[in-house]
Amino acid sequence: MKTSRFHLSTMKETPADAEIVSHQLMLRAGMIRRLASGLYTWLPLGLRVLRKVEAIVREEMNRAGALELLMPAVQPAELWQESGRWEQYGPELLRLKDRHGREFCIGPTHEEVITDLFRREVKSYKQLPLNFYQIQTKFRDEIRPRFGVMRAREFVMKDAYSFHLDAESLQRTYDDMFTAYSRIFDRFGLDYRPVAADSGAIGGNTSHEFHVLADSGEDAIAFSDGSDYAANVEMAEAICEQKRGEPTQDMHTVDTPNAHTIEEVCALLGLPAEQTLKTLIVRGDPGEDGNGPELVALCLRGDHELNAVKAEKLPQVAAPLQMADAEHIRSVIGCDIGSIGPVGLNLPVIADRCAAALADFVCGANENGKHLTGVNWGRDLPEPEVADIRNVVEGDPSPDGKGRLGILRGIEVGHIFQLGDKYSRAMKAEVLDENGKARTVTMGCYGIGVSRVVAAAIEQNHDDRGIIWPMALAPFTLAICPINYHKSEAVRNEADAFHAWCLEQGIDALLDDRPLRPGAMFADMELIGVPHRVVFSDRGLQAGNFEYKGRSDEASENVALERLKAFVREKLD
RNA sequence: CGGGGUGUAGCGCAGCCUGGUAGCGCAACUGCUUUGGGAGCAGUGGGUCGGGGGUUCGAAUCCCUCCACCCCGACCA
């Protein structure tokens, strides 16, 4: 490809509304253009990368025995009503009506459609297991689309759905998918981690997320330095090593005017946050009979953070988690937030393991401007119910007992999940077993955010000059930069001949034949992240050399012209 | 949805407070010079100042309204 025939559309300045580096670089490099909120056009340069991601995904899915198909983006409401998700899904589901007034949605995912297909197509256990996948455009009407294609409303996803007669078969395919995903992310050349994710009510290791590691990632993942344990912070179990000490202090009330936060209380009393207890008041779950608690108190050590996912799984707590409002708290407890504590509190009290292990701690006195010191469970107030309700922090022991936890940030690009019979039961997807009896099948589903992978690769691999593509994802693998292409016949001949050779060899080479000065040419090739660069100039040719530089090399090197083809082959292999 | 902010040329911005008919840099186009790290000079084109309404002799500027976009959003006890 020659730049003069490729719509290379780079920008020197960063568009003001792009917040994160991948979004900025994708705009500056001319990979994408915004059409409306959360909707993007992929320009030729960006599409080349997207297609490379797709190709690797497709090859590895095929290798793992999955079968590609393609389902419609628009889906009839009846299927969603059948699964119950027409009501459950909420405003993220884009709904529309056709000219006859029939209701449809634009698919955010395809469990209903694939399950419907399956029940019409497959009748016998002999046809199982089956694993279908597609690479297709999805639409989710996000509350707040942002970060370019990282969190777009319309995006490209690979979604796969497997069908099985029993749990063992599902587990085998699940393991195959785990292996295939690992191969896919290995081939991308990205630094990634599979992590255990919310395993839900079924129990066991039924879900893994694949995260591309990047400091800007939206998810926190916890991993052990002593084993291969890795889990989303949302679900990583927080263990308390400390044993509660004996009380050594009496309980006292102290004046703490204007001290509302843990930080302010600690500064005032000269204590570390680890010696304090904070009390959060959340809405209770009224339960089926309506006799559940209206409010519930959750106690954490002062330096810890509440984990909402864990908290809302508690039977007393309303899901989704809702903090009580200030007015409500004042009417029930009689003080403002900032002065609440569990002593004498007429609410169910649930303490995190570490909060329950405190002795002689400081907490709010349920009276504005006052705190209690030297408080001890069992002596000054009843023993609390104990639960794991905090986020793990750096240095916590690993839940598998091996090593300590570190925290990394990641971008979720893949998710594999054992669905069970949620959809197959609701939609009566059954096959006949060996006894001729109808059996409901069990399902797995497996997603990869194809367009998000592109953004995540950039988040992980860039410098102040632009993108640094891993070889497998680069839109072009080799940039040919001739200096004075339009003036020097020798340079032009050499560059054209080499370019032609590259095409024969199947090398994605980009020849920059624009009449630009070298600096401008180099800057563009670095911005779009081409991994290898070859320069031809009169000066070099006269000395019998060409110049080579890898995208992340410090300096360029001069290489003898005779070695050109062998040298390039070596670099690309 | 709530809070905050921004809409002026393809991109980045100034002008608005204190009304007087729109400007800078980059990009684009033409010509000449230049050619190893985003060249120089000269010239050219491109804007119903987000839309609508109002005030005024006169509105990018003041007022009202709608729209779009961006950011933040219970970890506080």
Side-chain angles (χ1 to χ4, degrees), chain A residues 9-20 23-24 27-28 30 33-39 90-91 143-148 233 256 259-265 273 276-283 295 297-312 320-326 328-330 333 335-342 345 352 355 362-368 370-371 389-391 393 465-466 481-488 491 514-527 533 535-540 546-547 549 555-556 558:
Chain A
S9 181
T10 57
M11 270 185 284
K12 207 187 285 190
E13 284 175 284
T14 303
D17 53 3
E19 184 75 2
I20 62 169
H23 188 196
Q24 293 171 353
L27 289 170
R28 285 189 53 207
R33 292 289 181 253
R34 195 185 70 91
L35 176 64
S37 176
L39 305 177
I143 309 169
R144 193 145 87 84
R146 56 187 145 166
F147 305 148
V233 161
T256 50
H260 304 293
T261 66
I262 288 287
E263 227 170 68
E264 288 163 358
V265 172
T276 65
L277 183 104
K278 62 182 177 189
T279 307
L280 284 65
I281 307 299
V282 301
R283 293 280 186 83
L295 296 177
L298 303 177
C299 294
L300 293 160
R301 208 170 75 187
D303 58 323
H304 285 151
E305 284 186 354
L306 180 68
N307 180 312
V309 174
K310 293 176 181 177
E312 67 191 28
L321 188 74
Q322 262 187 300
M323 303 304 289
D325 58 78
H328 199 169
I329 289 174
R330 205 173 301 126
I333 302 176
C335 70
D336 289 321
I337 56 178
S339 303
I340 304 172
L345 197 59
D352 181 67
V362 173
C363 64
N366 297 327
E367 191 183 338
N368 282 347
K370 295 198 188 296
H371 278 73
I389 54 171
R390 71 174 172 96
N391 283 336
V393 295
R465 292 178 173 180
C481 297
I483 294 169
N484 270 330
Y485 182 84
H486 292 267
K487 288 263 175 74
S488 163
V491 166
R514 298 172 297 176
L516 290 181
R517 296 164 65 87
M521 209 152 47
F522 296 162
D524 266 356
M525 294 302 123
E526 284 165 344
L527 173 61
R533 185 182 81 196
V535 178
F536 297 114
S537 67
D538 276 320
R539 209 173 67 191
F546 70 96
E547 179 192 293
K549 185 173 176 296
S556 61
N558 287 313

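FYI, side chains are in, hydrogens and waters are out, and symmetry mates aren't considered; it's all heavy atoms of this structure. Because the structure is a prediction, the values reported are computed rather than measured. Proteins get letters first, then strands, A, B, ... in listed order; numbering begins at 1 in each.
Of the candidates B:G37, B:G38, B:A77, the closest approach to any side-chain atom of A:Thr261 belongs to B:A77. Of the candidates B:U35, B:A77, B:G37, the closest approach to any side-chain atom of A:Phe522 belongs to B:G37. Among the nucleotides B:G38, B:C11, B:C75, the one closest to the side chain of A:Glu13 is B:C11. Set against B:C11, B:G37, B:A77, the side chain of A:Ile340 has B:A77 as its closest nucleotide. Of the candidates B:G12, B:G37, B:C75, the closest approach to any side-chain atom of A:Lys549 belongs to B:G37. Comparing B:C11, B:A77, B:U34 by their nearest atom to the side chain of A:Arg517 picks out B:U34.
For the pair A:Leu516 CG and B:A27 P, the interatomic distance rounds to 11 Å; values are reported in whole Å.
Heavy-atom minimum distance, A:Arg301 versus A:Lys278: O-CE, 4.1 Å.
Using a 4.0 Å heavy-atom cutoff across all strands shown, A:Ser9 reaches no nucleic acid atom at all. Looking at heavy-atom distances under 4.0 Å, A:Arg330 makes no contact with the nucleic acid at all. Residue contacts for A:Glu264: at a heavy-atom cut-off of 4.0 Å it reaches no nucleic acid atom on any strand shown.
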(request) Would you mind building the protein contact string for nucleotides 66-74 of chain B? One character per nucleotide, 5' to 3', B for base within reach (heavy atoms under 4.0 Å), S for sugar-phosphate only, - for untouched. (result) ---SSSB-B
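Listed by chain and residue number, A:Ile281, A:Ala324, A:Ile333, A:Ile337, A:Ile340 satisfy the side chain to side chain contact (heavy atoms under 4.5 Å, CB included) test with A:Ile329 (two or more places apart in sequence, or in another chain). Listed by chain and residue number, A:Arg465, A:Arg533, A:Lys549 satisfy the salt bridge (charged side-chain N to carboxylate O under 4.0 Å, His left out) test with A:Glu526 (two or more places apart in sequence, or in another chain). Applying the side chain to side chain contact (heavy atoms under 4.5 Å, CB included) rule to A:Pro515 yields the partners A:His486; only residues at least two apart in sequence or on another chain are considered. A:Lys310 meets the side chain to side chain contact (heavy atoms under 4.5 Å, CB included) test with A:Ala238, A:Asn307, A:Asp388; sequence neighbours excluded. With sequence neighbours excluded, the residues that form a side chain to side chain contact (heavy atoms under 4.5 Å, CB included) with A:Arg33 are A:Ser9, A:Met11, A:Leu27, A:Leu43.
Atom name P, nucleotides B:C17 and B:U33: the rounded distance is 49 Å, in whole Å. Between the C1' atoms of B:A9 and B:G23, the separation comes to 11 Å (whole Å). Atom P of B:C49 sits at a distance of 15 Å from the matching atom of B:C62, rounded to the whole Å. Using atom P as the reference point in both B:G38 and B:C26, the two lie 15 Å apart (nearest Å). Rounded to the nearest Å, the gap between the C1' atom of B:G15 and that of B:U21 is 14 Å.
Judged by distance alone, the side chain of A:Glu264 and the main-chain N or O of A:Thr261 form a donor-acceptor pair under 3.5 Å.
Residues A:Phe536 and A:Ile329 both approach RNA chain B. Their nearest nucleotides, taken by heavy-atom distance, put A:Phe536 toward the 5′ side. Toward the 5' end of RNA chain B, the nearer of the two residues A:Asp524 and A:Leu280, judged by each one's closest nucleotide, is A:Asp524.
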